[in-house]
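Here is the structure we will look at, set down as structure tokens.
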Amino acid sequence: MLPLGTGNGFARTLGLPLDLEGAVDTIVNGQVVTIDLGVADGDYFANIVSIGFNAFVVHNTPNSLKRFLGVFSYVIQGIKEIFRNRPFVCDLICDGENIELSTRQIIIANGAFYGVSKISDNARVDNGELIVCALDSVKKWDIIRFWFALMRGQLPQHESVRMFFASEVTCHANPAKPVDVDGELTLKTPITVSLARKALHVMAPTNFHE
């Protein structure tokens, strides 16, 4: 794994150095670890599935802008997207528990990071759990605050942000929404997200299990 992405969320989850020299040193002197992969309707992913506002931001941000501005390019694109973003009703089933939300944003994570932001201190990529981070609000101010907090490397501490842990999540959205899978809009709701346990061997730092 080389950290050549914009936010490098998966590299951060593995604890990799974010410079190439450090990442190559991990390949040479690190350890082999076995991690889970997410599965979204049969489509494997390493890190994140997202539905709603940020899926459109990530998809519509030009690659040239990302190369020039890095993570800040998402801030600029987010300002554009907020004016055309529409809320939706989401029915989540997390390990059999039904949860209904009126929202603009759902994140389902296999790892601990969404870009530069740590989703949860309890998140791991090898523990058999997905994390669902949901915005339980349709207010534009709340999605603006949510998005800018993510870009600053933190999640907003607010009662409208809800977290769930599950091994399997089914999401129905009304109206139906495109689904971003690790940066690509490849699916559409409804979707079921689960885990392929211990599916991938990858080089990680020697302190990965700590």
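The shortest distance between side-chain heavy atoms of I99 and C94 falls below 4.5 Å.
Looking only at distances, no side-chain donor or acceptor of T189 sits under 3.5 Å from a matching main-chain atom of A176. Under the 3.5 Å distance criterion, the side-chain polar atoms of E168 are left unmatched by any main-chain donor or acceptor of V193. Judged by distance alone, with hydrogens and angles left aside, the side-chain atoms of R12 form no donor-acceptor pair with the main-chain N or O of K118 at under 3.5 Å. Proximity of a side-chain donor or acceptor of D95 to a complementary backbone N or O of A166 within less than 3.5 Å is not detected. A donor-acceptor pair under 3.5 Å is formed between the side chain of T103 and the backbone N or O of Q105. Checked by atom type and distance alone, the side chain of D91 never pairs as donor or acceptor with a backbone atom of N98 at under 3.5 Å.
Nearest heavy atom pair, residue P3 against residue N8, reads C-OD1, 3.2 Å. Across all non-hydrogen atoms, the minimal contact from A46 to N110 is O-ND2, 2.8 Å. Contact detail for L18 and A11: the closest heavy-atom pair is CD2-CB, 4.1 Å. Minimum interatomic distance between L16 and T26 (heavy atoms only, all atoms of both residues): CD2-CG2, 3.5 Å.
If you check the side chains of D126 and T34, you find no donor sitting under 3.5 Å from an acceptor.
Within a 6.0 Å radius of NZ in K188, no more than 12 heavy atoms belonging to other residues, nucleotides or ligands are found.
Between the CG atom of D142 and the OG atom of S160 there is a distance of 4.5 Å, given to the nearest 0.5 Å.
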